[in-house]
Amino acid sequence: MSRAGSDGHAALERAGAETVKRAVQLDVAGRFQESLVCYQEGIDLLLQVVKATTDEAKKQRYRQKISEYMTRAEDIKKHIEKEKQDGKYHKQIRIEENATGFGYEKIFQEYLTEIVSEVWVEDPYIRQVHQLYNFLRFCEMLVKGPCKVKTIHLLTSYDEGIGKSQQMTALEEIKQSLSNYGVTLNIDFSSSIHDREIRFNNGWMIKIGRGLDYFKKPQGRFSIGYCDFDLRPCHETTVDVFHTKHTKKM
């Protein structure tokens with residue numbers, strides 16, 4: 001094996017070892033969904049190591065470890081599925097102050113499976129211009145798929161000031177634009193709404209402490225992060241993910 005090949009092989013081994021180590025740490029901490037992802041990534045890396053090595057003894061050791069990790073990953077899958085069936089599933093994501101990398105795709109994409117056709121959004125603050133753009137960006141994500149969303153229900157509150165007309169105009173424009181993609185937007189208003197949650201008809205429910213409005217104001221209209229929310233600094237908030245057998249209606 002060449003020096004470059006040897007270095008690449010060693011790097012692959014380190015990456016695999018570090019990934020499964022992280023999987024075990026998350027597993028012990030009871031963060032099973034994140035642990036499962038790390039186990040799967042670590043297994044893939046170690047399989048590449050097995051494929052690349054010519055040392056039969058090392059191959060056998062890695063195969064044994066891979067078998068153990070695969071068994072544990074399957075156990076975690078069954079545990080998660082049982083929690084979902086029992087309505088006990090709960091995953092929490094903590095977004096730190098000024099953290100980046102938490103665009104809507106990062107938060108929601110995992111749960112937007114192909115069977116999702118109906119979405120409920122409860123957020124009292126879809127009022128101001130930037131909040132309306134947040135909702136538009138969320139709708140764009142739904143339109144892109146892989147889910148096949150046909151209906152979006154929005155429950156929010158009226159802007160109590162001079163911005164009410166602007167709010168209504170913007171929401172109507174979003175509604176008309178969505179209809180061009182075969183998506184119906186139903187809009188309802190409540191003066192007493194205070195919960196912030198998003199539900200999909202595959203049973204997933206996501207509660208974000210700040211609703212969709214957890215991004216900080218960009219430094220300018222031509223600054224990095226203005227268009228790409230993954231690059232936009234966030235306010236500190238908590239995301240809680242649940243799975244319920246029955247998604248309640250509004």
Side-chain angles (χ1 to χ4, degrees), residues 84 89 91 93 95 101-159 163-215 218 225-232 234 237 239-250:
K84 286 165 58 178
Y89 181 90
K91 172 184 175 182
I93 302 168
I95 300 178
F102 289 96
Y104 293 146
E105 283 82 359
K106 172 71 172 179
I107 300 297
F108 298 105
Q109 203 71 55
E110 180 180 349
Y111 311 104
L112 286 170
T113 57
E114 292 185 2
I115 65 171
V116 174
S117 60
E118 196 166 7
V119 177
W120 292 262
V121 178
E122 293 185 14
D123 191 327
Y125 298 105
I126 309 295
R127 304 179 185 175
Q128 299 177 23
V129 171
H130 74 281
Q131 294 166 344
L132 291 158
Y133 274 122
N134 288 342
F135 181 65
L136 175 60
R137 186 66 60 87
F138 177 77
C139 290
E140 288 176 336
M141 177 189 67
L142 296 177
V143 168
K144 285 195 296 185
C147 56
K148 304 292 188 289
V149 172
K150 296 299 180 185
T151 308
I152 302 170
H153 305 273
L154 172 65
L155 179 62
T156 189
S157 59
Y158 284 115
D159 190 308
K164 182 177 179 180
S165 175
Q166 178 178 257
Q167 178 193 24
M168 299 302 293
T169 299
L171 287 174
E172 184 60 33
E173 188 171 338
I174 294 173
K175 181 175 182 175
Q176 291 299 319
S177 184
L178 282 169
S179 69
N180 295 331
Y181 289 86
V183 180
T184 299
L185 173 61
N186 297 321
I187 306 169
D188 290 298
F189 296 90
S190 170
S191 59
S192 59
I193 179 178
H194 55 84
D195 286 344
R196 299 170 177 87
E197 65 181 46
I198 294 170
R199 303 187 302 277
F200 306 137
N201 68 324
N202 60 354
W204 289 108
M205 176 170 66
I206 296 92
K207 290 176 173 282
I208 306 176
R210 300 183 63 97
L212 291 174
D213 191 12
Y214 58 87
F215 297 103
Y226 184 85
C227 296
D228 189 338
F229 277 17
D230 276 337
L231 299 173
R232 181 87 65 90
C234 299
T237 194
V239 181
D240 288 286
V241 182
F242 304 91
H243 190 277
T244 57
K245 286 184 180 180
H246 306 287
T247 303
K248 68 176 182 178
K249 302 291 184 180
M250 285 184 178

Step through the shown structure and confirm whether more than 12 heavy atoms of other residues, nucleotides or ligands are within 6.0 Å of OH on Tyr133. no
Tell me, yes or no, whether the heavy-atom count around Lys148 atom NZ, taken from other residues, nucleotides or ligands under 6.0 Å, exceeds 12. yes
For Phe108 and Ile208, run side-chain contact (heavy atoms from CB on, under 4.5 Å): C-alpha distance rounded to whole Å, both residues' side-chain angles, the deciding distance at 0.1 Å, then the answer. CA-CA 11 Å; Phe108 298 105; Ile208 306 176; 3.8 Å; yes
Between [atom1] on residue [X] and [atom2] on residue [Y], distance to nearest 0.5 Å:
| X | Y | atom1 | atom2 | result |
| --- | --- | --- | --- | --- |
| Asn202 | Thr244 | CG | OG1 | 9.0 Å |
| Leu154 | Ile174 | CG | CD1 | 8.5 Å |
| Cys147 | Ile115 | SG | CD1 | 10.5 Å |
| Phe242 | Glu197 | CZ | CD | 9.5 Å |

Write down the atom of [X], the atom of [Y], and the distance for their closest heavy-atom approach.
| X | Y | answer |
| --- | --- | --- |
| Glu114 | Pro146 | CG-O, 3.7 Å |
| Leu132 | Ala170 | CD1-CB, 3.7 Å |
| Val116 | Tyr111 | CG2-O, 3.9 Å |
| Cys234 | Ile95 | CB-CG2, 3.6 Å |

Main-chain N/O of Gln128 paired to Gln131 side chain as donor or acceptor, under 3.5 Å: yes
Does any N or O in the side chain of Arg232 come within less than 3.5 Å of the main-chain N or O of Gly225, such that one atom is a donor and the other an acceptor? yes
Test item: [X] and [Y] side chains (from C-beta on) under 4.5 Å apart, heavy atoms:
| X | Y | value |
| --- | --- | --- |
| Val149 | Val143 | no |
| Arg196 | Tyr125 | yes |
| Phe102 | Asp230 | no |
| Thr184 | Ile152 | no |
| Arg127 | Ser157 | yes |
| Val183 | Leu142 | no |
| Leu155 | Ile193 | yes |
| Leu212 | Ile198 | yes |

Residues pairing under salt bridge (Lys or Arg N to Asp or Glu O under 4.0 Å) where one sits in residues 129-140, two or more places apart or in two chains, turn out to be Arg137-Glu140
Go through the steps to decide whether Trp204 and Tyr89 satisfy the test ring-ring contact (aromatic ring centres under 6.0 Å, His included), and finish with yes or no. CA-CA 10 Å; Trp204 289 108; Tyr89 181 90; 5.1 Å; yes
What's the verdict on side-chain contact (heavy atoms from CB on, under 4.5 Å) for Cys139 and Leu178, showing C-alpha distance, side-chain angles and the deciding distance? CA-CA 8 Å; Cys139 290; Leu178 282 169; 4.0 Å; yes
Partner set under side chain to side chain contact (heavy atoms under 4.5 Å, CB included) for [X], not counting sequence neighbours:
| X | result |
| --- | --- |
| Ser117 | Asn201 |
| Ser179 | Gln176 |
| Glu105 | Gln109, Met141, Lys144 |
| Phe189 | Thr156, Tyr158, Gln167, Met168, Leu171, Ile187 |

Taking only Lys NZ, Arg NE, NH1 and NH2, and the carboxylate oxygens of Asp or Glu, determine whether Glu173 and Lys175 approach each other closer than 4.0 Å. no
Can you tell whether the side chains of Lys207 and Glu122 come within less than 4.0 Å, N to carboxylate O? no
Parallel, tilted or perpendicular, judged at 30° and 60°: which one describes the rings of Tyr214 and Tyr104? perpendicular
Please test Phe229 against Phe215 for ring-ring contact (aromatic ring centres under 6.0 Å, His included), starting from the C-alpha separation and ending with a verdict. CA-CA 8 Å; Phe229 277 17; Phe215 297 103; 4.4 Å; yes
Step by step, would you call Val119 with Thr151 a side-chain contact (heavy atoms from CB on, under 4.5 Å)? CA-CA 6 Å; Val119 177; Thr151 308; over 6 Å; no
Tell me yes or no: between the side chains of His153 and Asp188, is some donor less than 3.5 Å from an acceptor? no
Non-neighbouring partners of Glu172 that pass salt bridge (Lys or Arg N to Asp or Glu O under 4.0 Å), sequence neighbours left out: none
